[in-house]
Student: 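The following block contains the structure, expressed as structure tokens.
Reminder, nothing fancy here: chain letters follow the sequence lines and each chain counts from 1.
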Amino acid sequence: MIPVRCFSCGGVIANKWEEFKRRVYEGESSDTILDDLRVTRYCCRRMMLSHVELVDTIAPYY
Amino acid sequence: MKIEVLEMSDRFAKFVLSDASIAFANGLRRAMLAEVPTLAITEVNLYNNTSVLYDEQLGLRLSLIPIKANTDELVPKEECMCDDNCPACEVSMTLSAEGPKMVYSGDFVSSDPEIFPSDENIPIVELKDGQQLFLEALAHVGHGKNHSRWQAGIACGYKTYPVVTFHNCDKCRSCIEACPKDIIQMGPSGAEIQDNDMLECTLCRSCADVCGINAITVDQDERAFIFNVESDGSYSAEELIQQASKALKKKSDGMLEVLEHF
């Protein structure tokens, strides 16, 4: 699950995650999406860019 | 003191504060980050959690969700007159969901209709088939200095107002190429920076370093500040600045009271 807030600045990022994910799947480039969502600081940008969803990986073992 | 607002949207604000001291500007910045009272979840009673997240992980995620509330009507728990808990210091919210479903912050049912998470689309946990979640979250008022869950101001900062002047420019254009922000233009009497572009200057001095005839001086106005304010959503950016000013005022009023009774 995407962290609710950025680790460094505390800005809320989880509210932008699903739109970011959808638009990346649709083939848009991630930097223009982040600019569009006003995720301007590099601390928040790395939260989005480097996130890996693991729920589906863990779920079968529950 | 003068304020010129450059941008004021729901979550972002940019303004120039002039005729003020560095101490005051920094006081305002720190108040926005640490002294604004907000509401956040501090306790969770879990009745059922068969999701992939541990109770503690779930608790952390819930606590960081910003909550919109009128904090003038609420008091921090330690300042409340009640014995244990009362509607003035505690707000209860319940969450009940069964998979398959993505649980969002908007699924919370609050005991007070005026108090709700400021974003409805924060994913809390994804429930797979048959997984259940049933909890009661208790929110309390606090300040950003105690925990980031209460931090309403995000990366609020200021810089001093840049003052770049050109004397006897020989129009060699080297500063125009050197400027990383591309704000220097060639005017009729040599290189110049438009007033609006001056806000973009980072005082890097690349232009002054590259100038062969020392025609450029880069200085700063230490009584004017360009503020950048961002809110987490629990307040609008405008309310955040007002609340920070109120917090500063409350502190100085407290000082006054102490001195009067000295």
Student: Work out which heavy atom in Ile122(B) is nearest to a heavy atom in Ala14(A); give both atom names and the distance.
Tutor: CG2-CB, 3.6 Å
Student: Who passes side chain to side chain donor-acceptor pair (under 3.5 Å) against Ser29(A), sequence neighbours left out?
Tutor: Asp31(A), Thr32(A)
Student: Between Ile124(B) and chain A, with a heavy-atom cut-off of 4.5 Å, which part of the residue counts as in contact: side chain, backbone, both or neither?
Tutor: backbone
Student: Any idea which heavy atoms bring Ile2(A) and Pro123(B) closest together, and the distance?
Tutor: CG2-CG, 4.3 Å
Student: For a quick test of reading the model, state the closest non-hydrogen atom pair linking Pro66(B) to Val12(A) and the distance between them.
Tutor: CG-CG2, 3.7 Å
Student: So which donor and acceptor atoms of chain A and chain B come within less than 3.5 Å of each other?
Tutor:
| residue | atom | partner | partner atom | Å |
| --- | --- | --- | --- | --- |
| Ile2(A) | O | Arg61(B) | NH1 | 2.8 |
| Ile2(A) | O | Arg61(B) | NH2 | 2.8 |
| Arg5(A) | NE | Leu64(B) | O | 2.8 |
| Arg5(A) | NH1 | Gln151(B) | O | 3.3 |
| Arg5(A) | NH2 | Leu64(B) | O | 3.2 |
| Arg5(A) | NH2 | Asp232(B) | OD2 | 3.0 |
| Asn15(A) | O | Asn121(B) | ND2 | 3.0 |
| Asn15(A) | ND2 | Asp119(B) | OD1 | 3.2 |
| Asn15(A) | ND2 | Asp119(B) | OD2 | 3.0 |
| Glu18(A) | OE1 | Tyr104(B) | OH | 2.5 |
| Glu18(A) | OE2 | Tyr104(B) | OH | 3.0 |
| Arg38(A) | NH1 | Glu7(B) | OE2 | 2.9 |
| Arg41(A) | NH1 | Glu230(B) | OE1 | 2.9 |
| Arg41(A) | NH2 | Glu230(B) | OE1 | 3.0 |
| Asp56(A) | OD1 | Lys128(B) | NZ | 2.4 |
| Tyr62(A) | OH | Val52(B) | O | 3.0 |

Student: Would you compute the distance between atom CG of Leu64(B) and atom SG of Cys6(A) and round it to the nearest 0.5 angstrom?
Tutor: 11.5 Å
